[in-house]
Amino acid sequence: MYKLQKSSTALYIQLYTQIKEDIKNNILASGVKLPSIRKMSNDYKISKTTVESAYSQLYAEGYIESLPQSGYFVSKDIVQNFNTQDIKEEKPLVSKEYKYNFYQARHSEDIFPKKLWAKLHNKVINSINFGSYPNKQGTLGLRKELAKYLSTSRALICDEEQIIICSGFSDSMFIIATILKEFSSSIAIEYPGYKVVERVFKLQNYNIDNIPILKEGIDLKSLEKSNNKLLYVTPSHQYPTGITIPISNRIKLIAWAMKNNAYIIEDDYDSELSYNNRPIPSLQGINNNQRVIYSGTFSKALSPALRVSYIVLPKELVAIYKEIFQFSYSGVPLDTQKTLEAFMQEGHWEKHIRKMRTLNKRKHDLMKKAIKSYLKNSVEIVREGSGLALLIKACVEVDWKKLNRLLEEESIKIYSTKSDSTLDDNTIYLGFGCFKEEEIPKAVEAFSKVWYKSILSS
């Protein structure tokens, strides 16, 4: 007998579910005839419509079949040996919350302009047509605002038709890798460099050539010898070393690209957060060369959670993009794009950048001062002056296993360059963006206590 009771679950669903379970558990075997609709209705004091609805759902899912003039039967094709093994309930993975987390690319929670963003979002939401498809490359208004901003701040030469709004850096690289697949089967990447680039291009079956980084940026002689037609670089602040390519070598890079009919992918990931100098003009704008694919992001200066990045293609690649990605739309939600458009159009973006530079310069200087105060000569600062982290290297012998164990015990998290770059040593990021100003000295002091315990005695 089936148990049917008044509840929020419809009667026909209750009946359908219980019959289905009997079939799955082989209580109702293949070929068994089900009671007629009239009989079920009379036996359970329910309407015929309820029984018909339950049988109809079972029939639709293939559990039962209907034979003319005969009634309903358990399907002969049904697989009776359903897997009834108990599934072990696994505990959900919970990310540990650390007392001090020195992540290298994160903001403190109070940084994002939530009230202003909410106000702008409410303003634009009524103007969005949710009944039609959006522009595939991203909203025209946002791309126009970006073109104006990049022209004044980074000396780019472009218009809105060359810009594609992407959903984060890896999405940007995926699009570029796809566009250039027919053009080249290999790519030269600066070494050490950002792991994500290597992974994305390997997934697209590119061969990877690692080109060494020298004191003035990528090794031009090694690049020339590699015979590559595609190059990825971070010329303004090389990742992870922080080296800047001087203008003389930038011009040589453009000359190499033009001479060899090659393309350069310029990753300008943190140009807004330069503290000691004005941002250096882009490679893309040199001589209107049309050999540079420019990649930028809103993650460092605005929010990594929004997942908004963009690429600027040379004009001849725009047609190729449109041909290949006919099926694809920007992965950034339309309301986010429109809110960001208003944020830029009303002048808030540039105000926000100035505020972020000022605030993060203070954090940067506090971190530098704390490192010198607490870690003294035991470390060397090997990168500073930009981004959201300083890079330090040990000047002493360290028991790294002991350090990591003690840090975990003290609820402190640090990151080595191994985590996201191809620099295979124990150089450490000490991120400051994720802390409030007053937290930075305390965080470095707590780290230093563990650090000194992990130094090997001579």
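Checked by atom type and distance alone, the side chain of Lys300 never pairs as donor or acceptor with a backbone atom of Thr297 at under 3.5 Å. Between the side chain of Ser373 and the backbone N or O of Lys369, no donor-acceptor pair lies under 3.5 Å. Between the side chain of Ser419 and the backbone N or O of Ser416 there is at least one donor-acceptor pair closer than 3.5 Å. One N or O on the side chain of Lys402 and one on the backbone of Lys453 form a donor-acceptor pair closer than 3.5 Å. Side chain of Thr339 to backbone of Asp335: a donor-acceptor contact under 3.5 angstrom is found. Proximity of a side-chain donor or acceptor of Tyr452 to a complementary backbone N or O of Leu375 within less than 3.5 Å is detected.
Take Arg383 and apply the salt bridge (Lys or Arg N to Asp or Glu O under 4.0 Å) test, not counting sequence neighbours, and it matches Asp270. Looking at residues two or more places apart in sequence or on another chain, you find no salt bridge (Lys or Arg N to Asp or Glu O under 4.0 Å) involving Arg199. Not a single side chain to side chain donor-acceptor pair (under 3.5 Å) links Tyr206 to another residue, sequence neighbours left out. For Asn260, the side-chain contact (heavy atoms from CB on, under 4.5 Å) partners are Glu224, Lys229, Trp256, Ala262, not counting sequence neighbours. Under the rule for a side-chain contact (heavy atoms from CB on, under 4.5 Å), Ser151 has no partner lying at least two apart in sequence or in another chain. Qualifying salt bridge (Lys or Arg N to Asp or Glu O under 4.0 Å) partners for Lys20, counting only residues two or more places apart in sequence or in other chains: none. For Lys202, the side-chain contact (heavy atoms from CB on, under 4.5 Å) test picks out Glu198, Ile208, with sequence neighbours left out.
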What donor-acceptor contacts under 3.5 angstrom involve side-chain atoms of residues 126-134, with partners at least two apart or in another chain?
residue: Ser127; atom: OG; partner: Val124; partner atom: O; Å: 2.7
residue: Asn129; atom: OD1; partner: Gly131; partner atom: N; Å: 2.9
residue: Asn129; atom: ND2; partner: Ser132; partner atom: OG; Å: 3.4

Side-chain donor-acceptor distances from residues 301-309 under 3.5 Å, at least two apart:
residue: Ser303; atom: OG; partner: Ala305; partner atom: N; Å: 3.1
residue: Ser303; atom: OG; partner: Leu306; partner atom: N; Å: 3.4
residue: Arg307; atom: NH1; partner: Pro304; partner atom: O; Å: 3.0
residue: Ser309; atom: OG; partner: Cys166; partner atom: O; Å: 3.4
residue: Ser309; atom: OG; partner: Gly168; partner atom: N; Å: 3.1
residue: Ser309; atom: OG; partner: Gly168; partner atom: O; Å: 2.8
residue: Ser309; atom: OG; partner: Ser172; partner atom: OG; Å: 2.9

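Using modelled atom types, one finds no donor on one side chain facing an acceptor on the other under 3.5 Å when comparing Tyr321 with Gln137. Side-chain contact annotation: Asp420 with Tyr194, donor-acceptor N/O pair under 3.5 Å absent. There is no side-chain donor-acceptor pair under 3.5 Å between Glu190 and Tyr239. A donor-acceptor contact closer than 3.5 angstrom is absent between the side chains of Asn289 and Gln284. Side-chain contact, Ser454 with Asp399: no donor N or O sits under 3.5 Å from an acceptor N or O. For the residue pair Thr241 and Gln238, a side-chain donor N or O sits within less than 3.5 Å of a side-chain acceptor on the partner. Judged by distance alone, the side chains of Glu266 and Ser295 never bring a donor and an acceptor atom under 3.5 Å apart. Checking Asp219 against Tyr191 by side-chain atom types alone, no donor-acceptor pair falls below 3.5 Å.
Contact check for Ile265 versus Phe201: side-chain heavy atoms found under the 4.5 Å cut-off. Under the 4.5 Å side-chain criterion, counting only non-hydrogen atoms from C-beta, Asn227 is not in contact with Asp209. Taking the side chain as every heavy atom from C-beta outward, Lys322 and Glu161 approach each other to under 4.5 Å.
In summary, Lys361 and Asp365 engage in a salt bridge, as defined by a charged side-chain N under 4.0 Å from a carboxylate O. Ion pairing between a basic and an acidic side chain is recognised when a charged N comes within 4.0 Å of a carboxylate O; Glu384 and Lys368 show such pairing. Under a 4.0 Å N-O distance rule, the pair Asp425/Lys418 does not qualify as a salt bridge.
For an aromatic pair to be called close, the ring centres must be under 6.0 Å apart, and His364 with Phe432 satisfies this. For Tyr263 and Phe183, the ring centers sit closer than 6.0 Å to each other. Taking the six-membered ring for Trp and the full ring otherwise, the centers of Phe169 and Tyr269 sit at least 6.0 Å from each other.
Within the structure, the salt bridge (charged side-chain N to carboxylate O under 4.0 Å, His left out) test picks out the following pairs touching residues 309-318 (sequence neighbours left out): Arg291-Glu316. For residues 428-452, the salt bridge (charged side-chain N to carboxylate O under 4.0 Å, His left out) pairs, not counting sequence neighbours, are Arg362-Glu437. Here salt bridge (charged side-chain N to carboxylate O under 4.0 Å, His left out) pairs that include residues 109-135, with residues two or more places apart or in two chains, are Glu109-Lys114, Lys123-Glu346.
Between the CH2 atom of Trp117 and the CG atom of Asn122 there is a distance of 12.5 Å, given to the nearest 0.5 Å. To the nearest 0.5 angstrom, Ile211 atom CD1 is 6.5 Å from Asn228 atom CG. Here the straight-line distance linking atom OG of Ser236 with atom CG of Leu283 works out to 7.5 Å at 0.5 Å rounding.
Cation-pi geometry between Lys136 and Tyr329 is satisfied (NZ or CZ under 6.0 Å from the ring centre, within 45° of the ring normal).
Using cut-offs of 30° and 60° for the angle between ring planes, the Phe447 and Trp451 rings count as tilted.
The two residues Phe298 and Leu146 make their nearest non-hydrogen contact at CZ-CD2, 4.0 Å.
Arg143 pairs with exactly one of Gln337, Glu160, Gln162 by the side chain to side chain contact (heavy atoms under 4.5 Å, CB included) rule, that one being Glu160.
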